[in-house]
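As the structure lists them, so they are numbered: ligands from 1, and atoms in each ligand from 1. As a basis for the values below, the full set of heavy atoms in this structure was taken, side chains included, without hydrogen atoms, waters or symmetry mates. We count residues from 1, following the sequence as given.
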Amino acid sequence: MALGRLFSSTRAVPAVSEMPAHVAIIMDGNGRWARKRMMPRVAGHKRGLETVREIVSACIERGIGHLTLFAFSSENWRRPEEEVSFLMNLFLKALEQEIAKLHRNNIRFRVTGDLSRFDDRIRVMIADAEALTIENTKLTLTIAANYGGRWDILNAVESMLAAHPDKRAGFQEEDLAPFLALGDLPEPDLFIRTGGEQRISNFLLWQLAYTELFFTETLWPEFDAAAFDVALNSFRTRERRFGRTSEQLQTKTPTE
Ligand code: IPE
Ligand code: IPE
Ligand code: MG
């Protein structure tokens with residue numbers, strides 16, 4: 001079956017390589033990092049932004065074309081109001097300070113999530129940043145903000161139904177996939193979660209179908225290029241079977 005533009009791991013066996021084309025990360029552990037140092041939780045978020053810069057550079061150096069970072073989940077609104085508003089301000093400041101630099105480095109910047117809950121200033125800055133960097137090709141940096149995997153699927157179903165007003169049944173994966181977040185990117189090859197928890201926390205529920213999962217105790221503010229390489233080395237040892245047997249891979253049976 002032709003892969004076409006969808007890169008679907010369930011509809012066809014994707015090409016694999018030693019270096020992931022797309023890495024998706026749950027950046028967790030900021031609060032605990034700060035608490036360990038007797039600092040307010042928000043100091044951890046501030047320090048976490050430096051890790052973002054380091055990992056973006058590391059992706060470019062290693063030729064990774066797509067990086068998706070979970071910055072704020074649809075459930076993070078449940079946090080204390082002061083922490084939520086600190087995070088919003090940090091996001092706004094980061095947009096102001098970083099976009100020109102991302103653009104100079106040929107990085108395409110995108111945000112995915114339900115943006116309707118953000119204030120207008122943030123929404124305008126996101127739209128401007130996306131427009132400015134749309135032609136950039138070195139790295140696609142996607143920030144998931146007010147993102148939830150269940151929201152994503154529901155939202156895509158609504159868009160798909162609107163695109164096919166007369167159809168009620170017989171939908172295929174290919175009909176839905178383009179409407180999902182990251183629907184135009186290869187599915188993540190490698191998922192990393194820092195901070196020690198081993199859960200998905202409503203991140204990319206559909207898109208992680210065949211992604212290799214890597215969990216580390218390292219807290220996000222301490223996750224550096226060397227820690228990233230540990231995850232990449234682990235990825236290299238994985239046998240990605242996509243439902244096939246190990247023997248089939250060794251005999252290099254043509255995939256379909
Ligand atoms: C991740 O770090 C950042 C966000 C969820 C915004 P946390 O704030 O969840 O840090 P911990 O898990 O409490 O240490
Ligand atoms: C997941 O981390 C969301 C982000 C990193 C943005 P959380 O800290 O919110 O996840 P839980 O609550 O521990 O599952
Ligand atoms: Mg957390």
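The distance from the Mg ion (ligand 3) to the nearest N/O/S atom of Glu197 is not under 2.8 Å.
Of all atoms in ligand 2, numbered sequentially from 1 with element shown, those under 4.0 Å from a heavy atom of Phe72 are 6 (C). Short contacts between ligand 1 and Asp28, defined as distances under 4.0 Å to a heavy atom of the residue, involve ligand atoms 1 (C), 2 (O), 7 (P), 9 (O), 10 (O), 11 (P), 12 (O). Applying the 4.0 Å criterion to heavy atoms of Arg79 picks out, from ligand 2, the atoms 7 (P), 8 (O), 9 (O).
Ion pairing between a basic and an acidic side chain is recognised when a charged N comes within 4.0 Å of a carboxylate O; Glu217 and Arg32 show no such pairing. Checked for salt-bridge contact, Glu98 and Arg53 meet the test: a charged N lies under 4.0 Å from a carboxylate O. Salt bridge Arg238/Glu212: present, at least one basic N to carboxylate O contact under 4.0 Å. The pair Asp184-Arg110 counts as a salt bridge, with a side-chain nitrogen and a carboxylate oxygen less than 4.0 angstrom apart. Under the 4.0 Å criterion applied to side-chain N and carboxylate O atoms, Arg121 and Glu96 are assigned as salt-bridge partners. Salt bridge present: Arg37 and Glu222 bring a charged side-chain N and a carboxylate O closer than 4.0 Å.
With a heavy-atom cut-off of 4.0 Å, Arg32 does not touch ligand 2 at all. Residue contacts with ligand 2 for Ala71 involve N, CA, C or O but no side-chain atom from C-beta outward (heavy atoms, distance under 4.0 Å). If you look at Arg78 next to ligand 2, there are no close heavy atoms at all, none under 4.0 Å. Of the heavy atoms in Arg199, only side-chain atoms (C-beta onward) come closer than 4.0 Å to ligand 2. The proximity of Lys36 to ligand 1, defined as any non-hydrogen pair under 4.0 Å, does not occur for either the backbone or the side chain. Of the heavy atoms in Asn76, only side-chain atoms (C-beta onward) come closer than 4.0 Å to ligand 1. For His45, every heavy-atom contact with ligand 1 shorter than 4.0 Å involves the side chain, none the backbone. Under 4.0 angstrom from ligand 2, there are no non-hydrogen atoms of Phe203.
Taking each of Asn30, Val84, Ile26 in turn, the one with a heavy atom nearest to atom 3 (C) of ligand 1 proves to be Asn30.
No donor-acceptor contact under 3.5 angstrom links the side chains of Thr51 and Asp224, judged on distance only. In this structure, a donor-acceptor pair under 3.5 Å is absent between the side chains of Asn146 and Trp151.
Taking only nitrogen or oxygen atoms, main chain and side chain alike, Arg41 reaches within less than 3.5 Å of ligand 1. Taking only nitrogen or oxygen atoms, main chain and side chain alike, Gly31 reaches within less than 3.5 Å of ligand 1.
Using a 4.0 Å heavy-atom cutoff, Gly195 is absent from the residues neighbouring ligand 1.
When hydrogens are left out, the protein atom nearest atom 2 (O) of ligand 2 is Arg193 NH2, 3.6 Å; that is the closest non-hydrogen contact. Protein heavy atom in closest approach to atom 1 (C) of ligand 1: Met27 O, 3.0 Å. Scanning all protein heavy atoms for the shortest distance to atom 14 (O) of ligand 2 gives Ser201 OG, 2.6 Å.
Using cut-offs of 30° and 60° on the angle between ring planes, the pair Tyr147 and Phe203 is perpendicular. Classified by interplanar angle (parallel below 30°, tilted 30° to 60°, perpendicular above 60°), the ring pair His45/Phe86 is tilted.
Proximity of atom 7 (P) of ligand 2 to the protein is indicated by at least one non-hydrogen atom lying closer than 4.0 angstrom.
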Is there a side chain to side chain donor-acceptor pair (under 3.5 Å) between Glu174 and Ser8 once you walk through the steps?
CA-CA 8 Å; Glu174 288 86 339; Ser8 164; over 6 Å; no
Please lay out, stage by stage, how Val124 and Ile126 fare under the test side chain to side chain contact (heavy atoms under 4.5 Å, CB included).
CA-CA 5 Å; Val124 168; Ile126 291 170; over 6 Å; no
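Nearest heavy atom pair, residue His22 against residue Pro186, reads ND1-O, 2.8 Å.
Taking the N/O/S atoms of Asp28 in turn, the shortest distance to the Mg ion (ligand 3) belongs to OD1.
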